[in-house]
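For reference, the structure is listed below as structure tokens.
All values below were derived from every heavy atom in this structure, side-chain atoms included, with hydrogens, water molecules and symmetry-related copies excluded. Residue numbers begin at 1 in each chain, while the letters A, B, ... track the order of the sequences.
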Amino acid sequence: MLKTSDPDYYKWNQYFFLKFFEKGLVYRKKASVNWCNKCDTVLANEQVHNGMCWRHTDTEVEIKQLEQWFIKTTNYADELLSDVDKLDWPERIKTMQKNWIGKSFGAEIDFVINGKKWPVFTTRPDTIFGVTFVVVSSQHPKLMELVTKEQKKEVDKFLQKIKSTKQEDMDKLDKEGVFTGSYAVNPMTNEKVPIWVGNFVVADYGSGMVMAVPAHDQRDFEFAKKYKIPMRVVIKPEKAEYTIIEKSLPKDKISKLKDFGEVVIIKEDKNWGKFYMVSVNLNNENKIIDFLEKNLLKSSDDGGAWYADSFNTSNVVVFPNKTFILKNDNDIQDSIKHGLKLGIPKNQLEFELKAFTDYGLLVNSQGFDGLGSDEAKEHIVKALEFKKLGRKTVQYKLRDWLISRQRYWGTPIPMIYCDKCGIVPVAEKDLPIKLPENVRFGQGNPLLGNKEWLSVKCPKCNGKARRETDTMDTFFDSSWYFLRYCDNKNSKLPFDKKKVDYWMSVNQYIGGAEHAVMHLIYARFFTKALSDLGFLRRDLREPFTRLFNQGMLHGNDGAVMSKSRGNVVIPEEVSKDYGIDTARLFLMSIASPDKDTQWSAEGVDGSLRFVRRVMDVIPRIKIAKSSKVFESKINKAIKDVSEDIEIMRYNLAVIKLRKLFEALENEKEVSKKDLESFVKLLSPFCPHLAEELWEKIKGKGFVSLAEWPEYDEKKIDLRLEKAEQDFEKTISDINNILKIISERQGKDVKDIYLYVIPTELDNYNSELLSKRLGKSVKVFKVNDPKKYDPESKAGKAKPGKPAIYVE
RNA sequence: GCGGGAGUGCCGGAGCGGUCAAACGGGAUGGACUCAAAAUCCAUUAGCUUAGUGCUUACAGAGGUUCGAAUCCUCUCUCCCGCACCA
């Protein structure tokens with residue numbers, strides 16, 4: 001056991017902080033931070049959800065400028081990303097981590113503004129000839145350098161507007177901006193393009209400034225359209241894509257479309273039928289145009305037919321909900337005209353203009369025309385490198401971990417501010433810096449209120465100094481607790497390396513999906529960093545090799561359990577009514593544990609029935625020798641149940657247990673070993689009951705301490721299972737006959753006769769059959785001379801399928 | 001918008017190329033037991049058909065691959081989760 005609030009634990013948080021500081025993994029900087037008014041503290045990016053605080057979902061997060069402590073998690077961005085694939089974790093957690101780290105390859109390109117280089121990051125250097133403006137973030141620290149006197153008033157007005165917009169409205173906001181008055185020089189074309197301030201550029205990603213290519217980026221497209229900034233097409237698709245509406249072409253011609261290229265049905269519409277998309281190689285484009293011109297219905301009375309003459313040889317093609325290539329403003333008008341000319345209402349077509357953002361072939365790009373996007377990227381970056389105006393780079397979405405919190409419950413950050421020496425780390429021997437006990441809660445950081453605690457001597461010059469009052473994010477605590485578990489009493493070190501090396505890594509970690517981008521990233525970072533600092537063995541790079549996300553249990557009404565809904569199921573109450581093992585069995589059997597499941601009162605009743613039967617039947621079973629059939633079944637069950645448990649498919653394990661029990665019930669006698677095996681298999685699901693049964697069948701010690709049963713592959717005989725299936729089939733056949741006879745002839749059958757292949761005689765026990773059918777059943781070998789067979793049915797018998805006669 | 005997951009019979013939920021009208025549980029219906037009920041047991045639970053059979057529809061929808069698809073591929077629709085203007 002350990003408590004992270006105990007100085008014996010958080011001492012080591014401070015210790016690690018200092019180690020990180022030594023290695024340059026800790027730094028302090030003034031930053032725009034997320035501030036929650038309710039928590040009275042800053043939050044990490046990971047802790048802001050939809051602009052709200054993760055703990056106070058009704059409280060908007062404010063942006064403040066504060067000096068804060070950061071951990072350089074980004075140093076490990078690459079390794080954190082590449083190692084994800086080595087983990088045996090749920091796929092969605094892995095993708096969430098990948099997206100969170102968000103690696104993009106691209107280029108940093110310098111635009112010269114007033115003689116100074118301003119870099120921008122882009123993943124599409126191939127579109128550089130299409131740049132018609134540059135947008136800088138409204139939060140950019142050096143924004144004012146770009147704003148001219150003439151434009152200042154307007155920019156200020158714009159910034160004011162952004163400031164007063166609520167976070168929640170920001171999301172729905174259109175792309176907006178104003179011209180700054182300055183111009184940037186495109187390093188490839190030397191062309192001057194205007195610089196705008198925009199609300200859609202993220203300040204702390206890349207350089208907070210982007211090159212805008214409206215023809216090939218949706219955001220730039222919207223912005224340019226709104227402010228009538230010119231667009232320049234520099235990429236064209238490798239294939240032209242035509243959309244053909246079923247109604248517009250005679251039926252017999254539709255199949256001909258395949259001759260021109262790949263045909264995909266993209267939509268089906270009540271009025272227009274199917275929308276086929278034909279992708280045509282550019283070389284063949286004329287053929288399809290020719291075909292369409294000859295075959296498209298031309299009558300406008302037809303109400304929806306395409307006009308052949310609405311095509312031209314440009315690759316602007318009408319598409320219900322896909323892409324357009326736009327050459328200039330006129331093209332937009334033109335395209336709209338085409339849409340309208342088709343006589344198809346805009347809303348029915350979901351007709352929308354979009355930028356062409358796919359890769360393709362370069363056009364209007366000087367010497368690079370005709371190259372594919374991928375190739376062009378390489379060449380253009382090389383050209384920029386030669387000019388010393390650009391370079392290949394990689395960008396991450398992952399930000400450094402902001403750990404400063406202005407709250408009491410957290411590890412005090414072991415730093416000291418000296419008027420002379422500046423920021424000085426606390427000496428290791430002075431750890432732990434304990435939280436002061438005499439504090440007042442209320443407004444602001446409680447630590448600020450205790451003057452005694454606050455004042456300290458500088459470790460360097462012994463002069464007057466004061467302590468850092470920020471505490472660490474509590475995720476710092478949880479980032480290495482599993483290491484401390486291996487050696488939780490160590491007072492000399494955070495843990496003994498040998499012990500940790502022995503135990504780690506965690507083979508199976510279980511937790512909720514909500515940890516995907518917080519705890520699980522921090523803990524991975526910690527492990528890597530501590531490994532590099534020599535605290536862990538070199539090759540220990542990951543804390544948790546396997547991860548399992550359990551699902552949530554919902555109430556009887558299907559909703560998440562909550563007090564306000566009154567649908568909370570209280571284990572103690574369930575225990576009172578059913579016994580906790582019944583509840584446990586039920587929970588294990590509803591669905592696989594990674595899924596959300598629903599409590600169901602009826603379902604528990606079902607489990608209770610089973611539990612009762614088991615309690616009733618097991619002690620009464622005669623101990624002797626197991627039949628071959630049962631031996632086969634129990635060995636199969638041991639195998640299956642063990643495997644299911646191993647892969648955490650408890651629901652399937654329970655099903656197999658139930659089946660095994662059904663077989664057990666029908667046995668007259670069973671070996672002690674097999675009976676014990678059954679109880680052992682039951683014990684993980686119903687531990688108390690199993691223990692009780694164990695005693696009743698006179699097992700040694702506790703079942704919970706007994707060896708898990710092993711199966712004998714040789715005893716599993718699938719032929720026996722087949723025989724049983726045949727038996728069941730025969731029962732259902734007989735029932736079927738009985739049903740038909742009683743319905744058709746209204747007769748009541750008294751006796752049933754079965755004629756079986758001699759070798760199968762053992763498979764059909766007349767006693768068992770009689771019991772199951774509730775009627776007298778006699779079984780004969782087909783070749784039995786003394787058999788009773790008035791209608792000569794015996795001849796119909798086949799292997800696995802006895803002949804039947806009833807009267 | 002992007003990314004991930006999922007859509008199966010009255011319900012929950014297995015199955016993930018043939019052995020599938022589809023495990024298991026719940027519910028419903030009928031029957032046995034009972035004076036009666038509960039519990040228990042048996043049967044039925046897509047439709048038509050039949051002395052144990054055969055057929056037709058069926059695993060969100062539309063296409064496709066295959067001798068063969070609930071299972072694989074493509075597209076569409078719907079739902080859930082995550083990210084949210086990351087250039």
Between [options], which nucleotide gets closest to the side-chain atoms of [X]?
X         : options                   : answer
Thr95(A)  : rG3(B), rA51(B), rA84(B)  : rG3(B)
Lys659(A) : rA23(B), rC85(B), rC81(B) : rA23(B)
Arg92(A)  : rC81(B), rA87(B), rA51(B) : rC81(B)
Arg658(A) : rC24(B), rA87(B), rG4(B)  : rC24(B)

Touch check for [X], heavy atoms < 4.0 angstrom, all strands: base, sugar-phosphate only, or nothing?
X         : answer
Lys729(A) : sugar-phosphate
Pro802(A) : base
Val654(A) : nothing
Val120(A) : nothing
Gly606(A) : sugar-phosphate

Ring pair (Phe, Tyr, Trp, His ring centres under 6.0 Å) with [X]: which residues, sequence neighbours excluded?
X         : answer
Phe685(A) : none
Tyr788(A) : Tyr753(A)
Phe661(A) : Phe610(A), Phe678(A)

Which residues satisfy the side chain to side chain donor-acceptor pair (under 3.5 Å) test with Ser207(A), sequence neighbours excluded?
-> none
Pairing residues for Asp605(A) by the side chain to side chain donor-acceptor pair (under 3.5 Å) criterion, not counting sequence neighbours | Tyr578(A)
The ring-ring contact (aromatic ring centres under 6.0 Å, His included) partner of Phe133(A) among Phe221(A), Tyr227(A), Phe223(A) is Phe223(A)
Salt bridge (Lys or Arg N to Asp or Glu O under 4.0 Å) partners for Glu662(A), two or more places apart | none
By salt bridge (Lys or Arg N to Asp or Glu O under 4.0 Å), Lys377(A) pairs with (sequence neighbours left out) none
[X] [atom1] - [N] [atom2] separation (whole Å):
X         : N       : atom1 : atom2 : answer
Trp100(A) : rC2(B)  : CH2   : C1'   : 15 Å
Phe223(A) : rA87(B) : CZ    : C1'   : 14 Å
Ile93(A)  : rG3(B)  : CD1   : P     : 19 Å

Taking only N/O atoms, report every protein-nucleotides 27-29 of chain B pair under 3.5 Å with atom names and distance.
unit_1, atom_1, unit_2, atom_2, d
rG27(B), OP2, Arg609(A), NH2, 3.4

Report all interatomic pairs (protein N or O, nucleotide N or O of nucleotides 42-47 of chain B) with separations under 3.5 Å.
unit_1, atom_1, unit_2, atom_2, d
rA43(B), OP1, Arg772(A), NH2, 2.9

Hey, where does RNA chain B pair up into stems, meaning at least three consecutive Watson-Crick or G-U pairs with distances under 3.5 Å?
-> B:1-7 with B:77-83, B:10-12 with B:24-26, B:27-32 with B:40-45, B:46-48 with B:54-56, B:60-64 with B:72-76
Is any side-chain N of the basic residue among Glu108(A) and Lys392(A) closer than 4.0 Å to the acidic one's carboxylate O?
-> no
Name all residues meeting the side-chain contact (heavy atoms from CB on, under 4.5 Å) criterion together with Ser137(A); count only those two or more places apart in sequence or in a different chain, and write none if there are none.
-> Gln139(A), His140(A), Val201(A), Ala203(A)
Aromatic ring proximity, centroids under 6.0 angstrom, Tyr805(A) and Tyr755(A) | no
Write out a two-atom table: protein N or O, nucleotide N or O from nucleotides 11-15 of chain B, distance below 3.5 Å.
unit_1, atom_1, unit_2, atom_2, d
rA14(B), OP1, Lys595(A), NZ, 3.0
rA14(B), OP2, Lys595(A), NZ, 3.2
rG15(B), OP1, Arg649(A), NH2, 2.5
rG15(B), OP2, Arg649(A), NH2, 3.4

